[in-house]
Amino acid sequence: ARPPPPPGTQTVCPATQWPCASCNSYTATTYAPLRNSCYSCVLKRTADPWQCHACFSTGANLAVDVAGGCLTCVNERNVESWKCTQNCALYATDGSAMSDCVGCLASPLVTDSWGCQNCMQVAGANPAARGSCLACVSRGLHTWSCGKCAEKATPEARSACVECLATVPAGGNTWPCYA
């Protein structure tokens, strides 16, 4: 894989190749700042460049920083685009939220990307609760229950709930942790 170009330089991506032409089309207006990122992505993912284009064609009008986070998810983190778009981008309110969610998706302990999405849905507007939830899922804990912990009103209550989840074996009863 090629390293990304230095800031301010143009990535060479021939417009005669359909992946590059698609980048040009997707980044013609609103997403113009993401053209080099799109080029880098399609040049890296030569077997499946459409994965990069999916960040622009979610059906939602994503903010530029969220779409950029999606490209990072697909290109640098090598996550499947449907997870980047459907589990994170559609629920991210800004680039910071998207970055937090991408970190969850990229965790080796996350076996079900829905857990990251659940955190975005349950606590997306509250950065502290969202972070607690995504960290919980990233630890490989009970994904649905991590979302229940995120609903707790205070950071202390969320932390105690997550630490309780950490003591429950897989398939165990997590209800006492968040009840």
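Worth saying up front: this structure is predicted, and the values here are computed from it rather than measured.
The hydrophobic clustering, which links ILVMFWY residues whose side-chain heavy atoms are closer than 4.5 Å, places V66 and V64 together.
A disulfide is not assigned to C116 and C101, since their SG atoms are no nearer than 2.5 Å. Disulfide check for C73/C88 fails, with the SG atoms at least 2.5 Å apart. C70 has its SG atom within less than 2.5 Å of the SG atom of C55.
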- Task: Determine, stepwise, if the pair D65 / D94 fulfils side chain to side chain contact (heavy atoms under 4.5 Å, CB included).
- Result: CA-CA 6 Å; D65 56 352; D94 57 32; 4.0 Å; yes

- Task: Go through V79 and V102 one step at a time and tell me if the side chain to side chain contact (heavy atoms under 4.5 Å, CB included) criterion holds.
- Result: CA-CA 9 Å; V79 177; V102 169; 5.7 Å; no

- Please test C13 against C23 for disulfide (SG to SG under 2.5 Å), starting from the C-alpha separation and ending with a verdict. CA-CA 9 Å; C13 194; C23 283; 5.6 Å; no

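With sequence neighbours excluded, the residues that form a side chain to side chain contact (heavy atoms under 4.5 Å, CB included) with P14 are T16, Q17, C20. Residues meeting the side chain to side chain donor-acceptor pair (under 3.5 Å) test with S81, sequence neighbours left out: Q51. Partners of S99 by side chain to side chain donor-acceptor pair (under 3.5 Å), not counting sequence neighbours: none found. Residues forming a ring-ring contact (aromatic ring centres under 6.0 Å, His included) with Y26 (at least two apart in sequence, or on another chain): H53, F56. With sequence neighbours excluded, the residues that form a side chain to side chain donor-acceptor pair (under 3.5 Å) with T27 are R35.
Residue pairs meeting the ring-ring contact (aromatic ring centres under 6.0 Å, His included) criterion with at least one partner in residues 108-128, sequence neighbours excluded, do not occur; the list is empty. Pairs engaging residues 142-160 under the salt bridge (Lys or Arg N to Asp or Glu O under 4.0 Å) rule: K148-E151 [sequence neighbours left out]. Among residue pairs with one or both ends in residues 166-176, none qualify as salt bridge (Lys or Arg N to Asp or Glu O under 4.0 Å); sequence neighbours excluded. For residues 102-112, there are no salt bridge (Lys or Arg N to Asp or Glu O under 4.0 Å) pairs, not counting sequence neighbours. Residue pairs meeting the ring-ring contact (aromatic ring centres under 6.0 Å, His included) criterion with at least one member in residues 78-98, sequence neighbours excluded, do not occur.
Put simply, the side chain of S22 gets close to the backbone of W18: a donor and an acceptor are under 3.5 Å apart. Without hydrogens or angle criteria, R45 side chain to V74 main chain gives a donor-acceptor distance under 3.5 Å. Remark: side-chain polar atoms of T72 are paired, donor with acceptor, to backbone N or O of G68 under 3.5 angstrom. Judged purely by atom type and a 3.5 angstrom limit, T167 uses its side chain to pair as donor or acceptor with the backbone of C164. At least one donor-acceptor pair closer than 3.5 Å links the side chain of K44 to the backbone N or O of N75.
Between G103 and R77 the shortest heavy-atom distance is CA-NH1, 3.8 Å. Across every non-hydrogen atom of C149 and V162, the tightest pair is SG-N, 3.7 Å. The two atoms that bring M98 and C84 nearest to each other are CE-O, 3.5 Å, heavy atoms only.
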Could you go through residues 118-136 and list every donor-acceptor pair under 3.5 Å that involves a side-chain atom there, pairing it with any protein atom two or more places apart or in another chain?
residue, atom, partner, partner atom, Å
Q121, OE1, Q117, NE2, 3.3
N126, OD1, A128, N, 3.1
N126, OD1, A129, N, 3.1
R130, NE, D100, OD2, 3.4
R130, NH1, G124, O, 2.8
R130, NH2, D100, OD2, 3.1

Determine all donor-acceptor pairs shorter than 3.5 Å in which one atom belongs to a side chain in residues 139-147; sequence neighbours excluded.
residue, atom, partner, partner atom, Å
R139, NH1, E163, OE2, 3.0
H142, NE2, V168, O, 3.0
S145, OG, T174, OG1, 2.6

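Side-chain contact between Y31 and L71: absent, with no pair of heavy atoms (C-beta onward) separated by less than 4.5 Å.
Distance check, rounded to the nearest 0.5 Å: CG of L43 to SG of C52 gives 9.0 Å. A distance of 6.0 Å separates CG of L105 from OG of S113, quoted to the nearest 0.5 Å.
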